[in-house]
Amino acid sequence: MRRVLVPGSFDPVHNGHIEIIERASRLFDEVLIAAVYNPTKTGSLFDMQERRDMLFEALEHLPNVTFDFFSGLLVDFAAAHEVSAIVKGLRAVSDFETELQMAQMNERLTGIATLFIPTTSKHSFLASRLLVEVARYGGDVSTMVPEGVNRRLKEKFA
Ligand code: PNS
C-alpha cells in the first residue's frame, strides 16, 4: 500500500493544489493531505477548520484522499503516519530552489523522499497569497479556486 503525504498551508486551497492532489490520487493508493498549523503565525486568512472544510468539499470526489493537520516538523508527521513519500507540486523554476532545499533537508533528517509533480501551465501562476490579495480588492478568482473557496472569499471580503 503506497500512501503519500501532500503538505501545505492551503490558506486557501486553489486549483493548482487540486490538480496535484488529483494526480497523486491516481498514482498512489492513498493520499494524506496535511495542512500545517502554526499557532504563532499571524496573517492567516482562514482558520484550520475552514481550510479543512474547503479541502474536503473540493476533494470529496476522490475516495482515497484523507485530511489531517500538523504542527512541528513535517518529517515527524510523515513518520508517524507511515507515508512512503512527500509529494509537492512545482509551478516554475523559482519553486525548485526552495523545494529542493526542503526535500534535501527532509531526506537528511529521516531519509524520506520528496516527489515533485509539475503543474500544468494553466495553473503555474496560482498562489494562495496572490488569490487572497485579488479577492480582497474585489477581483474575480472564480476560475482559479474551487466553488466553496470562492464563496468563502466573497464572504470574508464582503
Ligand atoms: O503551502 P506551503 O506554505 O508552501 O507549505 C510549506 C510547508 C508547510 C510544506 C513547509 O513549510 C513545512 O514543511 N513546514 C513544516 C515545518 C518543517 O518541517 N520545516 C522544515 C522544512 S525542511
Side-chain angles (χ1 to χ4, degrees), residues 4-28 31-62 65-78 81 83 85-106 114-158:
V4 292
L5 178 61
V6 179
S9 302
F10 304 113
D11 186 31
V13 62
H14 57 65
N15 289 349
H17 295 127
I18 302 293
E19 179 196 354
I20 298 301
I21 295 164
E22 285 177 339
R23 290 165 72 191
S25 86
R26 288 197 293 273
L27 290 167
F28 301 100
V31 178
L32 173 57
I33 301 176
V36 67
Y37 170 63
N38 184 349
T40 61
K41 188 179 169 191
T42 54
S44 300
L45 181 62
F46 292 103
D47 66 29
M48 299 311 291
Q49 192 56 48
E50 290 173 311
R51 291 186 217 181
R52 188 203 172 280
D53 289 348
M54 290 185 283
L55 281 161
F56 187 81
E57 289 165 18
L59 296 165
E60 59 184 347
H61 59 294
L62 301 176
V65 172
T66 55
F67 307 89
D68 208 341
F69 305 119
F70 78 102
S71 59
L73 285 180
L74 180 63
V75 289
D76 291 340
F77 180 85
H81 291 79
V83 300
I86 296 164
V87 168
K88 293 280 195 82
L90 280 184
R91 291 168 295 195
V93 176
S94 51
D95 279 347
F96 185 69
E97 208 170 325
T98 323
E99 292 296 344
L100 180 66
Q101 194 176 26
M102 286 199 280
Q104 290 172 335
M105 174 60 86
N106 287 334
T114 298
L115 307 176
F116 295 123
I117 299 181
T119 57
T120 55
S121 54
K122 69 177 177 175
H123 292 140
S124 59
F125 64 98
L126 292 181
S128 301
R129 183 184 51 80
L130 272 185
L131 288 164
V132 168
E133 188 173 315
V134 171
R136 186 187 302 277
Y137 295 111
D140 179 10
V141 297
S142 59
T143 60
M144 305 172 215
V145 295
E147 190 276 328
V149 175
N150 191 43
R151 176 170 43 79
R152 284 178 179 80
L153 283 169
K154 283 186 171 164
E155 286 166 7
K156 287 265 182 210
F157 298 126

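Heavy atoms of other residues, nucleotides or ligands lying less than 6.0 angstrom from CZ of R151 number more than 12. Atom NZ of K156 has more than 12 neighbouring heavy atoms from other residues, nucleotides or ligands inside a 6.0 Å radius. The neighbour count for Y37 OH, taken as heavy atoms of other residues, nucleotides or ligands under 6.0 Å away, does not exceed 12. Heavy atoms of other residues, nucleotides or ligands lying less than 6.0 angstrom from CD of E155 number more than 12.
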**Prompt:** Could you walk me through whether L45 and F157 pass the side chain to side chain contact (heavy atoms under 4.5 Å, CB included) check?
**Reply:** CA-CA 11 Å; L45 181 62; F157 298 126; 3.9 Å; yes
**Request:** Please lay out, stage by stage, how E50 and D47 fare under the test side chain to side chain contact (heavy atoms under 4.5 Å, CB included).
**Result:** CA-CA 5 Å; E50 290 173 311; D47 66 29; 3.2 Å; yes
**Request:** Just do the side chain to side chain contact (heavy atoms under 4.5 Å, CB included) check on M144 and L131 with the steps written out, would you?
**Result:** CA-CA 8 Å; M144 305 172 215; L131 288 164; 3.6 Å; yes
**Request:** Could you walk me through whether I33 and L59 pass side chain to side chain contact (heavy atoms under 4.5 Å, CB included), step by step?
**Result:** CA-CA 10 Å; I33 301 176; L59 296 165; 3.4 Å; yes
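Counting only distance, with no hydrogens or angles, the side chain of S128 and the backbone of P12 share a donor-acceptor pair below 3.5 Å. At distances below 3.5 Å, not a single donor-acceptor pair connects side-chain atoms of N106 with backbone N or O atoms of V75. Listed for the R51 side chain is a donor-acceptor partner under 3.5 Å among the backbone atoms of S9. A donor-acceptor pair under 3.5 Å links the side-chain atoms of H14 to the main chain of G16, judged by distance alone.
Put simply, CG on L74 and CE on M105 are 12.5 Å apart, with the number rounded to the nearest 0.5 Å. Here the CD atom belonging to E97 is positioned 12.0 Å from the CE atom belonging to M102, to the nearest 0.5 angstrom. One finds the CD atom of E147 at 9.0 Å from the CZ atom of R152 (value rounded to the nearest 0.5 Å). One finds the OG1 atom of T120 at 10.0 Å from the CG atom of N15 (value rounded to the nearest 0.5 Å). For the atom pair CZ (R23) and OG1 (T119), the distance works out to 8.0 Å, reported to the nearest 0.5 Å. From I18, atom CD1 reaches atom CG of L62 across 8.0 Å, with rounding to the nearest 0.5 Å.
Contact detail for R91 and L126: the closest heavy-atom pair is NH1-O, 2.8 Å. In terms of heavy-atom proximity, V132 sits nearest to D11 at CG2-O, 4.0 Å.
Ion pairing of R26 with E22 is absent here, as no side-chain N (NZ or NE/NH1/NH2) approaches a carboxylate O to less than 4.0 Å.
The closest side-chain heavy-atom distance from L32 to L5 is below 4.5 Å. At a threshold of 4.5 Å between non-hydrogen side-chain atoms, the residues V141 and N150 count as touching. A 4.5 Å side-chain heavy-atom check between V36 and F77 finds every atom pair outside the cut-off. For the pair E19 and K122, the minimum side-chain heavy-atom distance is 4.5 Å or more. Considering only heavy atoms from C-beta on, F46 comes within 4.5 Å of L153 through its side chain.
Note: F10 and H17 have perpendicular aromatic rings, judged against thresholds of 30 and 60 degrees for the angle between ring planes.
Judged by distance alone, the side chains of Q49 and D53 do bring a donor and an acceptor atom under 3.5 Å apart.
When the options V87, D95, L90 are evaluated for a side chain to side chain contact (heavy atoms under 4.5 Å, CB included) with F116, the one that passes is L90.
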